[in-house]
There are 2 protein chains.
Amino acid sequence: MQMIKAKEQRLEQLPIFWMEQIVRRYRQVATQALGAEEAGLSVDQWVVLKQVGENNGCSQVEIGNSTVKDAPTTTRIIDQLVNKNLISKQLDPEDRRRYMVFLTEKGQRLIDRLLPVVQEYRQIPLQGFSETEQKQLLENLKRMLHNLA
Amino acid sequence: MQMIKAKEQRLEQLPIFWMEQIVRRYRQVATQALGAEEAGLSVDQWVVLKQVGENNGCSQVEIGNSTVKDAPTTTRIIDQLVNKNLISKQLDPEDRRRYMVFLTEKGQRLIDRLLPVVQEYRQIPLQGFSETEQKQLLENLKRMLHNLA
DNA sequence: TTTAATCATTTGCATTTACAACTATTTTAA
DNA sequence: TTAAAATAGTTGTAAATGCAAATGATTAAA
């Protein structure tokens with residue numbers, strides 16, 4: 001059995017290497033687009049805000065799960081949004097460990113205003129990708145994450 | 001011309017959403033694998049160390065370019081590696097703004113020791129991907145980054 | 001040649017992040 | 001019913017990151 005020396009991998013051949021750049025650059029684009037709206041909202045704050053809007057009254061754990069952020073991060077982002085009066089928290093009378101999180105009217109108005117902006121920058125990275133290519137890409141990414149789990 | 005309401009995008013339909021998780025999870029796997037070697041080396045430190053090894057005597061700017069890290073980050077990682085005696089810096093007599101960066105013997109030995117470990121965890125995310133799929137994935141990622149540039 | 005512009009590197013700072021530890025509450029099970 | 005385990009959320013901290021600005025050196029231009 002012959003030993004074959006493993007091919008030296010250059011960084012540019014590693015998907016992760018590119019993904020890191022894409023994620024970083026995308027964040028810059030998103031941050032800039034949100035910043036231009038003078039809403040004082042970070043990308044993460046937007047994601048959580050939107051998620052609260054779609055799951056009004058849910059717990060922080062649920063928000064953390066759906067946005068894939070850990071508990072401390074979720075707590076802090078939610079507090080930031082509460083301080084901006086975009087959402088509110090209220091102790092769950094059924095389970096006094098939990099807080100139920102609600103969108104405020106101000107929060108709803110902000111979502112309505114920012115949604116078009118977000119939808120615009122979200123399509124930037126996939127410009128020129130066919131539906132098929134997008135689906136395929138998503139599948140590949142899910143496979144990669146599954147491999148790492 | 002009829003207005004079509006943009007499809008509400010869920011997070012799970014965004015490639016970036018998955019990429020963030022993949023990158024984070026991959027870092028955990030890599031950090032753990034390196035940690036198990038008791039080398040006291042972070043993932044970023046490894047990448048820079050390896051890059052210095054492949055470009056012995058080059059400047060910090062060049063290291064930063066090849067690893068896609070900004071100047072302050074590059075400076076700090078290089079200093080960490082210098083403190084561990086894995087690399088050394090030396091003023092370039094031709095251009096006294098630049099430092100030339102060299103691998104030490106200790107650095108070379110560490111690379112030799114860690115390389116198999118790194119090659120092992122690097123292939124984890126792509127398990128089950130054919131050559132063709134890997135090439136295609138890389139192409140797609142490059143396209144995405146290009147769209148964002 | 002002197003000034004201005006550019007370049008390589010460093011420093012400082014504000015923000016983010018991951019991780020561990022802690023409190024309070026509820027659930028489980030002995 | 002009471003002790004142990006699990007759950008929801010919070011706090012603290014060390015490290016990483018991104019950005020802006022500063023320093024020292026070189027190059028380009030007036």
Side-chain angles (χ1 to χ4, degrees), chain A residues 19-32 34-35 40-48 52 55 57-84 87-101, chain B residues 20-32 34-35 40-48 52 55 57-84 87-101 148:
Chain A
M19 288 190 195
E20 285 177 346
Q21 295 176 64
I22 291 168
V23 167
R24 198 184 317 150
R25 185 77 194 105
Y26 177 79
R27 284 200 158 257
Q28 288 175 345
V29 169
T31 300
Q32 188 175 354
L34 286 178
L41 220 56
S42 73
V43 181
D44 289 316
Q45 287 169 1
W46 159 262
V47 170
V48 169
V52 171
N55 304 278
C58 74
S59 72
Q60 300 192 180
V61 169
E62 291 170 296
I63 295 295
N65 287 341
S66 64
T67 57
V68 195
K69 298 188 184 315
D70 69 2
T73 302
T74 305
T75 290
R76 284 170 182 131
I77 296 178
I78 285 180
D79 284 351
Q80 291 162 351
L81 294 174
V82 168
N83 286 336
K84 292 180 207 278
I87 64 178
S88 67
K89 353 188 331 187
Q90 193 178 321
L91 257 184
D92 182 347
E94 311 266 306
D95 181 343
R96 286 168 34 244
R97 290 170 303 184
R98 312 169 81 239
Y99 281 95
M100 300 184 299
V101 189
Chain B
E20 285 178 346
Q21 294 175 63
I22 291 168
V23 168
R24 199 183 317 149
R25 184 76 194 107
Y26 177 79
R27 282 198 159 258
Q28 289 175 344
V29 169
T31 300
Q32 187 175 355
L34 287 178
L41 221 57
S42 74
V43 180
D44 290 314
Q45 287 169 4
W46 159 261
V47 171
V48 170
V52 172
N55 303 279
C58 74
S59 73
Q60 300 192 177
V61 169
E62 290 170 295
I63 294 295
N65 287 341
S66 64
T67 57
V68 195
K69 300 188 183 314
D70 69 2
T73 302
T74 305
T75 291
R76 284 169 184 132
I77 296 178
I78 286 181
D79 283 352
Q80 291 163 351
L81 294 174
V82 169
N83 286 336
K84 292 180 209 279
I87 64 178
S88 66
K89 337 179 359 175
Q90 194 178 320
L91 257 185
D92 182 347
E94 311 267 306
D95 181 344
R96 284 165 39 245
R97 292 170 302 184
R98 314 166 81 237
Y99 280 95
M100 300 185 298
V101 188
L148 286 164

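Per chain, numbering begins at 1; letters A, B, ... match sequence-line order. Bear in mind that the values here come from a model prediction, so they are computed numbers and not experimental data.
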Let me know the distance between [atom1] of [X] and [atom2] of [N], rounded to the nearest Å.
X: B:D95; N: D:dT27; atom1: CG; atom2: P; value: 6 Å
X: B:R27; N: C:dT16; atom1: CZ; atom2: P; value: 18 Å
X: B:L81; N: D:dA16; atom1: CG; atom2: P; value: 12 Å
X: B:Q80; N: D:dA16; atom1: CD; atom2: C1'; value: 9 Å
X: B:Y26; N: C:dT17; atom1: OH; atom2: C1'; value: 20 Å
X: A:L91; N: D:dT10; atom1: CG; atom2: P; value: 10 Å
X: B:D92; N: D:dT26; atom1: CG; atom2: P; value: 9 Å
X: A:I63; N: D:dT7; atom1: CD1; atom2: C1'; value: 17 Å

Practice item. Between A:S42 and A:E94, name the one whose nearest nucleotide on DNA chain C is closer to the 5' end. Key: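 First, find each residue's nearest nucleotide; the 5'-ward one identifies A:S42.
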Between [N] and [X], is there an OP1 or OP2 to side-chain N/O distance shorter than 4.0 Å?
X: A:Q60; N: D:dT10; value: yes
X: B:Q28; N: C:dC19; value: yes
X: A:R98; N: D:dG9; value: no

Review point. With side chains defined as the heavy atoms from C-beta onward, is the minimum distance between A:C58 and A:I63 less than 4.5 Å?
Key: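 Yes, at least one pair of side-chain atoms sits under 4.5 Å.
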Check your understanding: Is there side-chain contact between A:L81 and A:L41, with at least one heavy-atom pair below 4.5 Å?
Key -> yes
Practice item. Tell me which nucleotide among D:dT17, C:dA18, D:dT10 gets nearest to the side chain of A:Y99. Key: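 Output: D:dT10.
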Point to revise | Closest to the B:K89 side chain, choosing from D:dT26, C:dT9, D:dA16 | key: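 Nearest to the side chain of B:K89 among the choices is C:dT9.
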**Study point:** Which atom of A:Q45 lies closest to which atom of A:I77, heavy atoms considered
**Key:**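 Looking at all heavy atoms of both residues, the closest pair is CA-CG2, 3.8 Å.
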Review point. What pair of heavy atoms forms the shortest contact from A:T75 to A:Q60, and how long is it?
Key: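 So the minimum-distance heavy-atom pair works out to OG1-NE2, 3.6 Å.
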**Study point:** Side chain B:E62, main chain B:S59, donor-acceptor under 3.5 Å
**Key:**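 It does hold such a pair.
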Review point. Looking at D:dT7, does its base get a donor-acceptor pair with the side chain of A:R97 below 3.5 Å?
Key: yes
Check your understanding: Using a distance-only test with no angle check, is there a side-chain donor-acceptor pair under 3.5 angstrom linking B:Q28 and B:R25?
Key -> yes
Review point. Which parts of residues 68-79 of chain A get close to DNA chain D, meaning a heavy atom less than 4.0 angstrom away?
Key: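 DNA chain D contact set from residues 68-79 of chain A: A:A71, A:P72, A:T75, A:R76.
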Check your understanding: Does a salt bridge link B:D44 with B:R27, judged by any charged N lying under 4.0 Å from a carboxylate O?
Key -> yes
